[in-house]
Amino acid sequence: MSKLKIAVVGGGNIGSSLAFDCALRGHDVVVIEKDAPSCQQSRENIVETAGYAPLFSPLAKGKTPEMILQNIVWSQDLQAVSDCEFVVENITENITLKQTLYANMAEFIAPHAVLAANTSCIPITKLGSFHNEPSQVIGVHFMNPVYLKPTVEVIIGLNTSEQIQKRCLEILTTLGKNAVVVKDGPGFVSNRISHLFMNEAAFTVQDGIAQPADVDAIFKGCFGHKMGPLETADLIGIDTVVNSLDVLYQMFQDSKYRVCPLMRTMVDAGHLGRKTGKGFYTY
């Protein structure tokens, strides 16, 4: 396996998980964050993951947090992407923030590099329009926790070049991922469907039909899901789910994507799920 230089722009929940997975496989990773506290939080997240990963992944057995961390550096400078051949954007699901980031990254990204948008719902063609070379932008939707998810959703924008598509699939193979390639559209396949699950699950709790644990028990026990929709929402982050649903609503103008008021209230209260210690469940 050839060693890659990978940039993860945005070291939050999914970004830290991706950085851990890439480092676990022996690649060199730079995590780019907006400030020093965010860099520190990302590092703490990865150390925590490295501590329990050997319980679940054969790849992690025998590897200490220190062994994995030696493959990762943190930076607050976007110029750090300049020598990376795979740049993965993971920042907040906010079109304005992403537009600014893509414009700022444009002068540093190498012409041959793959710019992978790990976005939840924003169309890849839209994100590509923010970059000076739209053909470099492709969607790669990693699932969390990344090191335990062997399949990724790859989204082809209208301007994504065949060369970038081919190189992206080659890189994903070195990351041990099976790619399912789909066309562009708001939410793609996974989030267009899964966010409806999470949203309606929240409505059943808000309406007093069931408690969160009962909702999730039905999906796990009756349908064989490994996690219920509300456990999944807590893992992703309630704020991220709300932002993604807002994007879907804006793009489709369809009331089925209206956000459950309970989740907006939870965001206002700071109950964002696992990352804050409280969401539909207490951690």
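These numbers were taken from a predicted model, which means no experiment stands behind them.
Note on Val140: it clusters hydrophobically with Val181, by side-chain heavy-atom contacts below 4.5 Å among ILVMFWY residues. Connection of Ile171 to Ile155 is not established within any shared hydrophobic cluster, with ILVMFWY side chains joined at heavy-atom distances below 4.5 Å, either directly or through further cluster members. One hydrophobic cluster holds both Leu4 and Val88 under the rule that ILVMFWY side chains link at heavy-atom gaps under 4.5 Å. Placement of Val180 and Ile138 in two distinct hydrophobic clusters is found when ILVMFWY residues are connected by side-chain heavy-atom separations under 4.5 Å, directly or transitively. Note: the hydrophobic cluster containing Met143 does not contain Leu169 (ILVMFWY, side chain heavy atoms under 4.5 Å, direct or indirect links).
Across all their heavy atoms, Asn71 and Ala23 have their closest contact at ND2-O, 3.1 Å. Scanning both residues, Ile46 and Ala19, for their nearest heavy atoms gives CD1-CB, 4.0 Å. Heavy atoms only, all atoms of each residue included: Gly15 and Asn90 are closest at CA-CG, 4.0 Å. Val247 approaches Cys121 most closely through the heavy-atom pair CG1-CB, 4.0 Å. Glu85 and Lys3 make their closest contact through OE2-O, 4.5 Å (heavy atoms, listed as atom of the first residue, atom of the second, distance). Looking at every heavy atom in both residues, Cys22 comes nearest to Leu175 through SG-CD2, 4.0 Å.
The CE atom of Met263 lies 8.5 Å from the CE atom of Met266; values are rounded to the nearest 0.5 Å. Atom CE in Met198 sits 10.5 Å away from atom CG in Asp234 (nearest 0.5 Å). Interatomic distance, CZ of Arg25 versus CD1 of Ile68, reported as 11.5 Å (0.5 Å rounding). Residue Leu101 holds its CG atom at 12.5 Å from OG1 of Thr96, rounded to the nearest 0.5 Å. Atom NE2 of His195 and atom CG of Leu245 lie 5.5 Å apart (nearest 0.5 Å). Rounded to the nearest 0.5 angstrom, Ser244 OG and Asp239 CG are separated by 9.5 Å.
Sorted by first then second residue, the ring-ring contact (aromatic ring centres under 6.0 Å, His included) pairs that include residues 204-247, not counting sequence neighbours, are Phe197-Phe219, Phe219-Phe223, Phe219-His225. Listed by first then second residue, pairs satisfying ring-ring contact (aromatic ring centres under 6.0 Å, His included) with a partner in residues 95-152 read Phe20-Tyr147, not counting sequence neighbours. Sorted by first and then second residue, the ring-ring contact (aromatic ring centres under 6.0 Å, His included) pairs with a member in residues 35-70 form an empty list; sequence neighbours excluded. Within the structure, salt bridge (charged side-chain N to carboxylate O under 4.0 Å, His left out) contacts touching residues 156-166 (residues at least two apart or in different chains) do not occur. Sequence neighbours left out, the pairs with a member in residues 176-189 that pass side-chain hydrogen bond (donor to acceptor under 3.5 Å, both in side chains) are Asp21-Lys177, Thr125-Asp184. Sorted by first and then second residue, the ring-ring contact (aromatic ring centres under 6.0 Å, His included) pairs with a member in residues 263-283 form an empty list; sequence neighbours excluded.
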| request: Check step by step if side-chain contact (heavy atoms from CB on, under 4.5 Å) holds for Leu115 and Glu133. | output: CA-CA 10 Å; Leu115 175 49; Glu133 188 50 74; over 6 Å; no

| Stepwise, does the side-chain contact (heavy atoms from CB on, under 4.5 Å) test hold for Asn159 with Val137? | CA-CA 8 Å; Asn159 292 315; Val137 182; over 6 Å; no

| task | Under the side-chain contact (heavy atoms from CB on, under 4.5 Å) rule, what do Val189 and Ile193 come out as? Steps first, then yes or no, please. | result | CA-CA 6 Å; Val189 172; Ile193 298 170; 4.2 Å; yes

| Are Ile238 and Thr276 close enough, and set up right, to give a side-chain contact (heavy atoms from CB on, under 4.5 Å), and what steps lead you there? | CA-CA 10 Å; Ile238 307 301; Thr276 60; over 6 Å; no

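Panel note: side chain Asp254, backbone Lys256; a donor-acceptor pair is recorded below 3.5 Å. Here the side chain of Ser17 pairs no donor or acceptor atom with the backbone of Pro145 at under 3.5 angstrom. A side-chain donor-acceptor contact under 3.5 Å links Asp216 to the backbone of Glu231. No donor-acceptor distance shorter than 3.5 angstrom exists from the side chain of Gln206 to the backbone of Cys260, with no hydrogens or angles considered. No donor-acceptor pair under 3.5 Å is formed between the side chain of Glu33 and the backbone N or O of Trp74. Judged by distance alone, with hydrogens and angles left aside, the side-chain atoms of Asp77 form no donor-acceptor pair with the main-chain N or O of Ala80 at under 3.5 Å. Of the possible polar contacts, one joining the Thr265 side chain to the Pro261 backbone as a donor-acceptor pair under 3.5 Å is found. When atom types are taken as modelled, the side chain of Thr49 and the backbone of Asn45 share a donor-acceptor pair closer than 3.5 angstrom. A side-chain donor-acceptor contact under 3.5 Å links Lys63 to the backbone of Leu24.
Remark: Gln211 CD is loosely packed, at most 12 non-hydrogen atoms of other residues, nucleotides or ligands lying under 6.0 Å away. The neighbour count for Gln163 CD, taken as heavy atoms of other residues, nucleotides or ligands under 6.0 Å away, does not exceed 12. Within 6.0 Å of NZ in Lys61 there are more than 12 heavy atoms belonging to other residues, nucleotides or ligands.
In this model, a donor atom of one side chain and an acceptor atom of the other lie less than 3.5 Å apart for Asn191 and Ser194. Using modelled atom types and a 3.5 Å distance limit, the side chains of Asp246 and Gln250 yield no donor-acceptor pair. Inspection of the Ser161 and Gln136 side chains reveals no N or O donor paired with an N or O acceptor under 3.5 Å. For the residue pair Gln40 and Glu44, a side-chain donor N or O sits within less than 3.5 Å of a side-chain acceptor on the partner.
Counting only heavy atoms from C-beta outward, the side chains of Val267 and Leu272 approach each other to under 4.5 Å.
With sequence neighbours left out, Glu89 forms a salt bridge (Lys or Arg N to Asp or Glu O under 4.0 Å) with Lys98. Evaluation of the side-chain hydrogen bond (donor to acceptor under 3.5 Å, both in side chains) rule for Asn243 yields no partner, not counting sequence neighbours. Residues satisfying the salt bridge (Lys or Arg N to Asp or Glu O under 4.0 Å) criterion with Arg274, sequence neighbours excluded, are absent altogether. Taking Lys278 as the reference, nothing meets the salt bridge (Lys or Arg N to Asp or Glu O under 4.0 Å) condition, with sequence neighbours excluded. Residues meeting the salt bridge (Lys or Arg N to Asp or Glu O under 4.0 Å) test with Glu200, sequence neighbours left out: Arg258.
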Name every donor-acceptor pair, under 3.5 Å, that has one atom in a side chain of residues 5-14 and the other anywhere in the protein, sequence neighbours excluded.
{"residue": "Lys5", "atom": "NZ", "partner": "Asp83", "partner atom": "OD1", "Å": "3.2"}
{"residue": "Lys5", "atom": "NZ", "partner": "Asp83", "partner atom": "OD2", "Å": "3.0"}
{"residue": "Asn13", "atom": "OD1", "partner": "Asn144", "partner atom": "ND2", "Å": "3.4"}
{"residue": "Asn13", "atom": "ND2", "partner": "Leu235", "partner atom": "O", "Å": "2.5"}

